[in-house]
Amino acid sequence: MRRHPPELLAQLQGQILSSVGRHGKYLFLEWSGGQVLVVHLRMSGQLLAARPRDPLAPHTHAVLRFDRAGELRFVDPRTFGELFVSASPQPPPVELEDLGPDALGASPGLFRSALAGRRAPLKAVLVDQRVLAGVGNIYADEICFAARLRPDRPAGGVRPHELRRLSESARSVLEAAIAAGGSTLRDERYRDVLGEAGQYQLEHKVYGRAGEPCAKCGAPVVRVRIGAKSAYFCPRCQS
DNA sequence: ACAAATACCTGTAAGC
DNA sequence: TGCTTACAGGTATTTG
């Protein structure tokens with residue numbers, strides 16, 4: 001767990017949780033004292049509601065205890081997650097000033113300026129949080145499939161009519177994924193705050209489906225490496 | 001400025 | 001069975 005002074009949660013003692021928010025993959029818990037608890041789950045983190053008597057899961061790194069609402073526990077086996085308190089009055093806090101605009105509100109114009117002149121693969125730009133906040137490995141692949149664009153294409157070569165498809169696909173994929181409660185993969189790492197698994201993994205068209213027939217055309221889905229990560233796409237539907 | 005490689009951790013699955 | 005290796009949804013940092 002990065003950026004987590006030991007006295008982290010003591011700063012919130014006695015305060016009331018007033019609202020929660022989000023920008024990209026960062027979660028914000030805002031408190032009556034004006035501080036914001038910023039949480040990033042990274043690859044293996046979970047934020048789980050629990051009763052005080054529930055046994056502590058392994059790798060529980062922080063526990064928020066409420067007077068009447070039980071506990072909120074931060075569990076993270078790989079310790080990549082991030083937890084810190086910011087004094088910024090308005091989220092997103094100053095610590096996250098490099099974050100790009102949230103992906104849910106992205107417009108074709110934003111994609112145009114973000115991709116222009118870039119030689120990097122389209123997918124590499126989509127998951128760059130300074131460009132667009134909120135898209136990760138799974139959704140980048142699914143967005144590229146919905147937009148019928150190869151993820152390994154040089155980003156700067158995407159044409160205007162394709163930018164429009166990309167923008168529309170980003171919105172529709174992310175909205176559908178949120179509606180389905182997110183993607184809980186085989187490792188079961190993602191669960192919502194109540195411990196419920198998501199269902200969007202059932203709707204993945206290409207992610208994790210190397211060798212399976214494309215849902216649209218039947219051609220085998222392929223897996224390639226983009227940087228250090230896997231990328232999945234249909235070589236017939238996507239160009 | 002951009003792009004690519006690497007490091008950070010633990011858990012799990014695959015391969016021998 | 002037991003061991004080794006590769007890989008996993010992310011991002012900061014280093015290197016080119």
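Lettering of chains follows the sequences in order, A, B, ..., and the numbering in each one begins at 1.
The one candidate from A:L37, A:T60, A:V39 that meets the side chain to side chain contact (heavy atoms under 4.5 Å, CB included) condition with A:F74 is A:V39. For the pairing with A:Q46, the side chain to side chain contact (heavy atoms under 4.5 Å, CB included) check across A:D192, A:V75, A:L41 returns one residue only, A:V75.
The backbone N or O of A:L149 lies less than 3.5 Å from a partner atom in the side chain of A:Q238, making a donor-acceptor pair. A donor-acceptor pair under 3.5 Å is absent between the side-chain atoms of A:E30 and the main chain of A:G21, judged by distance alone. Judged purely by atom type and a 3.5 angstrom limit, A:Q129 uses its side chain to pair as donor or acceptor with the backbone of A:V127.
Aromatic ring orientation, A:Y200 versus A:Y139: tilted (interplanar angle from 30° to 60°). Between A:H59 and A:H61, the ring-plane angle classifies as tilted under the 30° and 60° cut-offs.
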TODO: Walk me through it: do A:R150 and A:L122 pass the test side chain to side chain contact (heavy atoms under 4.5 Å, CB included)?
DONE: CA-CA 8 Å; A:R150 285 177 65 114; A:L122 172 59; over 6 Å; no
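Within residues 127-142 of chain A, the residues that place at least one heavy atom under 4.0 Å from DNA chain C are, in residue-number order, A:Q129, A:G136, A:N137, A:I138. Of all the residues in residues 93-114 of chain A, not one reaches under 4.0 Å from DNA chain B with any non-hydrogen atom.
Put simply, CE on A:M43 is 14 Å from P on B:dG11, counting in whole angstrom units. A straight line from CG of A:L115 to C1' of B:dA1 spans 16 Å, rounded to a whole angstrom. For the pair A:Y232 OH and C:dA8 P, the computed distance is 6 Å after rounding to whole Å. Between A:F84 atom CZ and C:dT11 atom P the separation is 13 Å, expressed in whole Å. A:I226 has its CD1 atom 13 Å from the P atom of C:dG10, to the nearest Å. In this structure, A:K123 places its NZ atom 17 Å from P of B:dA3, rounding to the nearest Å.
Each of C:dG10, C:dA8, B:dA4 was ranked by its minimum atom distance to the side chain of A:K25; first place goes to C:dG10. For A:R223, taking side-chain heavy atoms from C-beta onward, the closest of the listed nucleotides C:dA12, C:dG10, C:dA8 is C:dA8.
In terms of phosphate contacts, A:H59 brings no side-chain nitrogen or oxygen within less than 4.0 Å of OP1 or OP2 of B:dT10. The side chain of A:S230 places an N or O atom within less than 4.0 Å of a non-bridging phosphate oxygen (OP1 or OP2) of C:dA8.
The two residues A:A106 and A:F111 make their nearest non-hydrogen contact at CB-CE1, 3.6 Å.
Both A:R118 and A:P58 lie close to DNA chain B; mapped to their nearest nucleotides by heavy-atom distance, the more 5′-ward contact belongs to A:R118.
Salt bridge A:R42/A:E82: present, at least one basic N to carboxylate O contact under 4.0 Å.
Linking ILVMFWY residues whenever their side-chain heavy atoms come closer than 4.5 Å, directly or via other members, places A:L110 and A:L166 in the same cluster.
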Listing time: all N or O pairs from protein to nucleotides 6-9 of chain B that are below 3.5 Å?
from: B:dC8; atom 1: O2; to: A:R2; atom 2: NH2; distance (Å): 2.8
from: B:dC9; atom 1: O2; to: A:R78; atom 2: NE; distance (Å): 3.0

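Taking 4.5 Å as the limit, some side-chain heavy atom of A:F233 sits within range of a side-chain heavy atom of A:V222.
Within the nucleic acid shown, A:R189 comes within 4.0 Å of at least one base atom, counting heavy atoms only. Nucleic acid contact class of A:Y200 (heavy atoms, under 4.0 Å, all strands): none.
Applying the Watson-Crick and G-U wobble criteria (two distances, each under 3.5 Å), B:dA13 pairs with C:dT5.
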